[in-house]
Q: 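Before I ask anything, let me first share the structure, which is written out below as structure tokens.
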Protein chains: 2
Amino acid sequence: MNHSPQTKPDYERELRRAGVRITRPRRVILDILAATEDHPDAMEIFQRASSIDKSISLSTVYRTMKLLEGMGAIHRHAFEGGPARFEQASGDHHDHLIDLDTGDVIEFHSNRIEELQDEIARELGYEIVHHRLELYGRRRKAGNRK
Amino acid sequence: MNHSPQTKPDYERELRRAGVRITRPRRVILDILAATEDHPDAMEIFQRASSIDKSISLSTVYRTMKLLEGMGAIHRHAFEGGPARFEQASGDHHDHLIDLDTGDVIEFHSNRIEELQDEIARELGYEIVHHRLELYGRRRKAGNRK
DNA sequence: CGCTAGTTGCAAACGATTTGCAATTGCATT
DNA sequence: AATGCAATTGCAAATCGTTTGCAACTAGCG
Ligand SMILES: [Mn+2]
Ligand SMILES: [Mn+2]
Ligand SMILES: [Zn+2]
Ligand SMILES: [Zn+2]
């Protein structure tokens, strides 16, 4: 769930295997993604990349994100409001809880919910290809226990 | 769940109560929404409105949707890919299953999932304000039984 | 080291939505 | 019914995030 620094998949190998050239901009972006623990958007990735190599363009960031998404190396999220955010696909599947006040993104997973989704789809005659479960909420005040 | 023609809330009354002027464009858009069974986007609403009153503009459709959303009369959905889609808020809460091949939107509801969401948020110290659950899938082939 | 297809930066195009503004209109008031 | 003014409108231009055309560049093979 993105919390293990040791989880740094070898994207370069994977890319070469797919017949894709491993260029300087891509190497920089790949390194950034591998080192990232959060869910940065294209502009944030672009800024982090710029600080390493001034010549990298935002277009290349977008193109690289699309490339990686296509090969399943990253996931793209479109949370309410803002621009698309990305994260490595290497970890286990999880969904997100977004703190409406701070914008913080918290990851969670529920096997039970995943099962129920499959069950619902099946009953409707469908097979789920992917899904999106996002909870938007705010921190419970200390006094809110009940 | 939008399937009952008799469910046509009196938006006009609600609007007046909120100190909002009930203009001709708004009346037309309101009527369209009340009669709508699906999840049209702004352009579709605009076209339906145009066929009733040529002078209505797309801007006004957008402004009206925002107004109605603000007063809780409609819900705005941002399904993958396309533009925002709208639906009356009058019915009971439900989530959506999108057919990836046809674009069809199927509504469903699971009390169990809703409960689990609350439980998860609570455990994380959060209170859910709203959520988004979308299943993207394709029809199961007739032979796919198992 | 040269070749060529893949890749880049840049600027311009894009699609959806929002906004500034001057003209129009709802509607409360005479 | 006429008045007045703020709310609302249509239009065009602006905005935001993202994509794309293109000429210049470069990875990677020979
Ligand atoms: Mn995540
Ligand atoms: Mn619906
Ligand atoms: Zn999930
Ligand atoms: Zn729900």
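Below, chains carry the letters A, B, ... as their sequence lines are ordered, and counting in each starts from 1.
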Q: Could you tell me whether Arg132(A) and Glu134(B) make a salt bridge, using a distance below 4.0 angstrom between a side-chain N and a carboxylate O?
A: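 Salt bridge present between Arg132(A) and Glu134(B).
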
Q: Would you find a donor on one side and an acceptor on the other, under 3.5 Å apart, between the side chain of Tyr126(A) and the backbone of Leu135(B)?
A: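 It does not hold such a pair.
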
Q: Mind checking whether His39(B) and His94(B) have parallel, tilted or perpendicular rings, split at 30° and 60°?
A: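 Answer is perpendicular, since the angle exceeds 60°.
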
Q: Rounding to a whole Å, what distance do you find between Glu80(A):CD and dG17(D):C1'?
A: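 Nearest whole value for this atom pair: 17 Å.
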
Q: If you compare every side-chain N and O of Tyr62(A) against the phosphate oxygens of dT18(D) (OP1, OP2), does one of them come in below 4.0 Å?
A: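 For dT18(D), OP1/OP2 do have a side-chain N/O of Tyr62(A) under 4.0 Å.
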
Q: Hey, what's the ring geometry for Phe79(A) with His77(A), parallel, tilted or perpendicular (30° and 60° as the breaks)?
A: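 Ring orientation, 0 to 90° scale: parallel.
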
Q: Any side-chain N or O of Lys66(B) below 4.0 angstrom from OP1/OP2 of dT18(C)?
A: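 For Lys66(B), the contact criterion (side-chain N or O under 4.0 Å from OP1 or OP2 of dT18(C)) is met.
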
Q: Could you check how far CZ of Arg76(A) sits from P of dG17(D), rounded to whole Å?
A: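 Going from Arg76(A) (CZ) to dG17(D) (P), I get 14 Å.
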
Q: Any Lys/Arg nitrogen of Glu115(B) or Arg112(B) sitting under 4.0 Å from an Asp/Glu carboxylate oxygen of the other?
A: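 Counted as a salt bridge, because a side-chain N and a carboxylate O are separated by less than 4.0 Å.
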
Q: Rounded to the nearest Å, what distance is computed from the CZ atom of residue Arg26(A) to the C1' atom of nucleotide dG6(C)?
A: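 So the two atoms are 8 Å apart, to the nearest Å.
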
Q: Let me see the working for Arg48(A) and Thr36(A) under side-chain hydrogen bond (donor to acceptor under 3.5 Å, both in side chains), right down to the final yes or no.
A: CA-CA 10 Å; Arg48(A) 296 180 201 183; Thr36(A) 292; 3.3 Å; yes

Q: Please tell me which of the listed nucleotides, dA16(C), dC11(D), dC22(D), lies nearest to the side chain of Ser59(B)?
A: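 Ranking dA16(C), dC11(D), dC22(D) by closest atom to the Ser59(B) side chain puts dC11(D) first.
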
Q: What is the distance, to the nearest angstrom, from the NZ atom on Lys54(A) to the P atom on dG9(C)?
A: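 Whole-Å distance recorded here is 14 Å.
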
Q: Which whole-number value in Å describes the distance from Leu67(B) CG to dT17(C) P?
A: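 Rounded to the whole Å, the gap is 17 Å.
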
Q: Between the protein and nucleotides 24-30 of chain C, list every N/O to N/O distance that falls short of 3.5 Å.
A:
from	atom 1	to	atom 2	distance (Å)
dG26(C)	N2	Arg21(B)	NH2	2.9
dG26(C)	N3	Arg21(B)	NH1	3.2
dC27(C)	OP1	Ile22(B)	N	3.1

Q: If I take atom CZ in residue Phe86(B) and atom C1' in nucleotide dA16(C), what distance separates them, rounded to the nearest angstrom?
A: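 Spelled out: CZ on Phe86(B) to C1' on dA16(C) is 10 Å.
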
Q: Measure from CG on Leu58(B) to C1' on dT18(C) and round the result to the nearest Å.
A: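 Between C1' of dT18(C) and CG of Leu58(B): 11 Å.
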
Q: For the pair made of CD1 in Ile56(A) and P in dT7(C), what is the distance, rounded to whole Å?
A: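 Atom CD1 in Ile56(A) sits about 15 Å away from atom P in dT7(C).
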
Q: Is the base of dG6(C) touched by the side chain of Arg63(A) through a donor-acceptor pair closer than 3.5 angstrom?
A: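 Such a pair does not exist between side chain and base.
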
Q: Can you check whether His93(B) and His75(B) have ring centres sitting under 6.0 Å from each other?
A: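 Not close enough - the centres of the two rings lie 6.0 Å or further apart.
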
